[in-house]
Every structure is written in C-alpha cells, then in structure tokens.
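Right, one structure below, let's go through it.
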Amino acid sequence: MTQKPIEQNFQEKVIRLIRNIPSGMVATYGQIAKCAGNPRGARQVSYILHALSGKEKLPWHRVINSKGGISLKPRHGYELQKQLLEDEGIVFDDDDRVDLKRFGWLNQGRLDK
DNA sequence: CATATGACGATAT
DNA sequence: AATATCGCCATAT
C-alpha cells in the first residue's frame, strides 16, 4: 500500500500533544509535528498554535523552535513567552536559548553535572 | 483553482 | 558561527 497515512487528525493530535507537555518542559515544533505524524509539518504546528492557542487554551509558550529559542517577534509575544517559561523554571542562556538537553520534552538528556 | 504566507527545519555558503 | 535559500504543508484570500 502506497497510501500515505493521511492524518486528518493532525491538528487534533498536535493539540493533544501540546496539552501533554509537562510544566517546566519545552517541545520543538518539529518534535510535535513528528509525533503527530508529519515529520515535516513543523510549520503547520506553528500555524495551528497561532490559530487555536487562545481557543483551546494550549500551553503554547512551551513550544519553541529547534534552536531552543523563541521564534516570535519582539512586542508580539516573544517577551511574554520567555517570561512564562522562566516562570515555570526554564532558564535562558545569554543567547536567549533554552537548553533542550535539560528542558526538551522527550529529550531529557540528563547531564547531571 | 492559483497564489501567498507562516510562532519551522535542514542544508549550503 | 551567522546568514541565505530552499523545501514542506496546511490555511487564507
């Protein structure tokens, strides 16, 4: 079967996954998209978030890009997201980046220094 | 139906 | 390492 597993529930899955992100953790768009069945659907995740973040009451602030940084533009949520993450215990380095090795969801690379 | 866009990602330079 | 460009795919117009 060459049928591609069209996941019409992609959006629903994404929402569910985001809701499953534990507090104090962050997930990347690509990670969520992959778990939802579309390894290349990172952009769609962002679109879904933008569309339903307020309606579905999703912890959108726990979703960041693969660099561990916030993709939002300043004065447009960037500061808000950063603040929310810091409020949950997430730490940003001097590059405004989160250590995915420690806070990355499903990627808890325990450094245990 | 065609074109444009986007809270991304990977690769090339 | 930082910037530029292309690719992906759903939604909007």
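So that the names make sense, note that chain A is the first sequence line, chain B the second, and so on, each numbered from 1.
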In whole angstrom, give the distance that lies between atom CG of A:Asn9 and atom P of C:dA10.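 Those two atoms, CG and P, are 13 Å apart.
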How close or far is atom P of C:dC8 from atom NZ of A:Lys34, stated in whole angstroms?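 In whole Å, C:dC8 P lies 18 Å from A:Lys34 NZ.
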5'-most contact on DNA chain C: A:Gly41 or A:Asp95, nearest heavy atom basis? A:Asp95
Toward the 5' end of DNA chain C, by each residue's nearest nucleotide, A:Ile48 or A:Arg97: A:Arg97
Just verifying a value: how many Å separate [X] [atom1] and [Y] [atom2], rounded to the nearest 0.5 Å?
{"X": "A:Gln81", "Y": "A:Ser71", "atom1": "CD", "atom2": "OG", "answer": "8.0 Å"}
{"X": "A:Asn65", "Y": "A:Gln31", "atom1": "CG", "atom2": "CD", "answer": "13.5 Å"}
{"X": "A:Tyr29", "Y": "A:Ile48", "atom1": "OH", "atom2": "CD1", "answer": "12.0 Å"}

Please check if the side chain of A:Asp93 supplies one atom and the backbone of A:Asp96 the other of a donor-acceptor pair under 3.5 Å. yes
Can you give me the N/O atom pairs linking the protein to nucleotides 7-11 of chain B at distances under 3.5 Å, or say none if there are none?
from: B:dA7; atom 1: N7; to: A:His50; atom 2: ND1; distance (Å): 3.4
from: B:dA7; atom 1: N3; to: A:Tyr29; atom 2: OH; distance (Å): 3.3
from: B:dC8; atom 1: OP1; to: A:Ser71; atom 2: OG; distance (Å): 2.3
from: B:dC8; atom 1: N3; to: A:Arg43; atom 2: NE; distance (Å): 3.3
from: B:dC8; atom 1: N4; to: A:Arg43; atom 2: NH1; distance (Å): 3.4
from: B:dC8; atom 1: N4; to: A:Arg43; atom 2: NH2; distance (Å): 2.7
from: B:dG9; atom 1: OP1; to: A:Gly30; atom 2: N; distance (Å): 3.3
from: B:dG9; atom 1: OP1; to: A:Ser66; atom 2: N; distance (Å): 3.2
from: B:dG9; atom 1: OP2; to: A:Ser66; atom 2: N; distance (Å): 2.7
from: B:dG9; atom 1: OP2; to: A:Ser66; atom 2: OG; distance (Å): 3.2

Selection residues 62-76 of chain A - residue pairs positive for salt bridge (charged side-chain N to carboxylate O under 4.0 Å, His left out), sequence neighbours left out: A:Arg62-A:Glu88, A:Arg75-A:Glu79
Checking side chain to side chain contact (heavy atoms under 4.5 Å, CB included) against A:Val45, which of A:Ile32, A:Ile15, A:Asn38 comes through? A:Ile32
